[in-house]
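Please read these numbers as outputs of a predicted model, since none were measured by experiment.
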Amino acid sequence: MIKCYKSILFFAILLICGCTTVPSLRVSQPWIRSLKSNQVIDPTKSIKVEVSGNTSPLLGNEELTASKLRYSLSQLLKRRGFTTDNGTYDYLVKLSYRTVRNDKMNYSSTVASTNLQVYGISTNTGAGATSGLGVSIARAIGFLSSRASTVSAQTLDQVLSYTHTISIELSNKEGFLLWKGESTWDTQELNLISGIIPALQLILSDLPSDRSVRPEIPEVKDDHVINYYRLECKDVWFTCPALPYRILFDDNNLNNKEILIPDGIKNQNALAAYVDLIQTAEYALPDGDEKDWKDPLDISLWKEVTLGSQYFLGPQKTPVDILIELKGKSDGYYINECKIATSKEFSEFNTKLIKWREILSDYYDVYKK
């Protein structure tokens, strides 16, 4: 009888773990802060990008590192509507970076949901926020979920750690500083370039953008889809600015010897667009009934979410609408389906997203005018 009870309990636990739930393992978020003047920034104007910095654990010229950072920042700014022009420009954007070794004591817990390294929400994420609301609500949700975790046991270890710090300043032609974004985070990865896209996007989410812009994304060759998936997606946990939990393309617990592309990945030539959207999305749409959206900080809303954006795909610059459906498990989000959506599907998504943005705007609009 006892063995039977244990078996039933075991299968019940497996069933619960397999169900869709709000992830409990929160992504460690960078500290960010943004400050702005009272002058309006026009995202349709031209910019010049300059980069400088140092990586103190390493030696030698930083020119190639700066060049890669300049390219990444320029591409993300172009998505917002800005055009790059090193000759005649309206705004000057300066990126400064620094990496230092900073070994630290790391707390770990037997409860996977616990993350004791809490980062402050020091950008426009609090009462009265007016921009970057998709990122703001994700950071607020992550902060709440981390505080709600229960610790059963703790251990203390010293780990190798590096501290990355970046600063982005936007000035007009007269040299007047219009906006500044800052970020710092600890990681065991020395290479700043690795994972820099989500970090930059977190900061830039506070800048205005032209929503009509479609980024250009390469199209994966038909006979190289499995190569791309193996190199860029397989067993890789991604982070998204619009979500407080990490994302995986497939369940790495299956331990298949043969690498297969999950059935949920449709239109596989658009794999690069799926990866890009995950790393750059500034809004995530909670699935479910809209009547439940009245409290955006209700953690139960975030069991299933959808990401969406529009791209020009491949050398022919074919306009495509991308949708990614994510389902939560205890250790993060898993991709249920990603595809090139029909016009009707994307229109329905966009209608809901507009409503969600309005709800967030109203939620943060706490002051009398």
Side-chain angles (χ1 to χ4, degrees), residues 26-35 47-79 84 92-108 115-123 125 132 135 138-139 142-143 146 156-171 177 179-207 231-232 236-241 244 246-247 275-276 278-280:
R26 184 179 67 94
V27 173
S28 183
Q29 292 279 12
W31 176 89
I32 61 175
R33 178 177 69 177
S34 62
L35 304 168
I47 58 170
K48 177 182 179 181
V49 178
E50 296 180 349
V51 178
S52 62
N54 64 83
T55 307
S56 60
L58 302 178
L59 301 175
N61 196 303
E62 295 276 342
E63 184 176 347
L64 295 178
T65 299
S67 178
K68 287 185 175 293
L69 293 173
R70 185 183 304 110
Y71 175 79
S72 297
L73 178 58
S74 298
Q75 292 301 306
L76 292 177
L77 287 169
K78 286 172 66 176
R79 291 164 180 260
T84 55
L92 175 62
V93 178
K94 292 184 177 181
L95 168 63
S96 302
Y97 68 90
R98 183 180 68 220
T99 296
V100 296
R101 180 168 173 173
N102 184 27
D103 294 355
K104 62 179 182 177
M105 304 304 294
N106 184 55
Y107 288 93
S108 60
N115 187 336
L116 298 178
Q117 189 177 11
V118 178
Y119 287 82
I121 304 173
S122 299
T123 184
T125 57
V135 171
R139 292 174 67 81
F143 183 63
S146 70
L156 181 63
D157 300 295
Q158 184 172 352
V159 297
L160 177 67
S161 179
Y162 301 96
T163 299
H164 299 300
T165 305
I166 57 177
S167 169
I168 304 174
E169 298 178 344
L170 186 147
S171 307
L177 185 61
W179 176 89
K180 181 178 182 179
E182 301 168 292
S183 180
T184 184
W185 67 97
D186 296 331
T187 176
Q188 295 181 39
E189 174 61 62
L190 172 59
N191 185 9
L192 173 63
I193 298 171
S194 176
I196 192 62
I197 297 298
L200 291 175
Q201 190 77 339
L202 275 174
I203 301 176
L204 297 180
S205 66
D206 191 49
L207 280 176
L231 292 169
E232 301 293 335
V236 176
W237 283 102
F238 293 93
T239 59
C240 175
R246 58 185 189 168
I247 300 167
V275 171
D276 180 87
I278 289 172
Q279 296 186 95
T280 61

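Judged by distance alone, with hydrogens and angles left aside, the side-chain atoms of Ser183 form a donor-acceptor pair with the main-chain N or O of Trp31 at under 3.5 Å. Formation of a donor-acceptor pair under 3.5 Å by the His164 side chain with backbone atoms of Ile196 is not found in this model. Of the possible donor and acceptor atoms, one in the side chain of Ser56 sits under 3.5 Å from a partner among the backbone N and O of Thr99. A distance-only check finds a donor-acceptor pair linking the side chain of Ser205 to the backbone of Leu202 [under 3.5 Å]. Looking only at distances, a side-chain donor or acceptor of Glu62 sits under 3.5 Å from a matching main-chain atom of Thr55.
Every residue two or more places apart in sequence or in another chain was checked for a salt bridge (charged side-chain N to carboxylate O under 4.0 Å, His left out) with Arg98, and none qualifies. Listed by chain and number, the residues in a salt bridge (charged side-chain N to carboxylate O under 4.0 Å, His left out) with Arg79 are Asp276 (sequence neighbours excluded). In this structure Gln201 satisfies the side chain to side chain donor-acceptor pair (under 3.5 Å) test together with Glu282, sequence neighbours excluded.
For the side-chain contact (heavy atoms from CB on, under 4.5 Å) with Val93, the qualifying choice from Leu204, Val51, Leu170, Leu207 is Leu170, the only one to do so.
To the nearest 0.5 angstrom, Leu73 atom CG is 12.0 Å from Lys78 atom NZ. Once rounded to the nearest 0.5 Å, the distance linking CG of Leu69 with CG of Leu64 reads 11.0 Å. With values rounded to the nearest 0.5 angstrom, Ser72 atom OG is found 6.5 Å from Leu200 atom CG. Atom CH2 in Trp237 sits 9.5 Å away from atom CD1 in Ile247 (nearest 0.5 Å). Leu76 CG to Ile168 CD1: the interatomic distance, rounded to the nearest 0.5 Å, is 8.5 Å. For the atom pair Lys94 NZ and Ser96 OG, the distance stands at 8.0 Å (nearest 0.5 Å).
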Candidate pair Asp206 and Ile32, rule side-chain contact (heavy atoms from CB on, under 4.5 Å), full reasoning: CA-CA 11 Å; Asp206 191 49; Ile32 61 175; over 6 Å; no
query: side-chain contact (heavy atoms from CB on, under 4.5 Å) between Asn191 and Tyr162: does it pass, once the steps are laid out?
result: CA-CA 9 Å; Asn191 185 9; Tyr162 301 96; over 6 Å; no
query: Which is it for Gln279 and Val275 under the side-chain contact (heavy atoms from CB on, under 4.5 Å) test, yes or no, and what are the steps along the way?
result: CA-CA 6 Å; Gln279 296 186 95; Val275 171; 3.3 Å; yes
query: What's the verdict on side-chain contact (heavy atoms from CB on, under 4.5 Å) for Ser167 and Glu169, showing C-alpha distance, side-chain angles and the deciding distance?
result: CA-CA 7 Å; Ser167 169; Glu169 298 178 344; 4.1 Å; yes
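In summary, Arg33 and Glu182 engage in a salt bridge, as defined by a charged side-chain N under 4.0 Å from a carboxylate O.
At least one side-chain heavy atom of Ile166 sits under 4.5 Å from a side-chain heavy atom of Ile203.
For the residue pair Ile278 and Pro241, the shortest heavy atom distance occurs at O-CD, 4.0 Å. The heavy-atom pair separating Arg101 from Pro57 by the smallest distance is N-CG, 3.9 Å. Here the shortest heavy-atom pairing between Ala199 and Trp185 reads CB-CH2, 3.8 Å.
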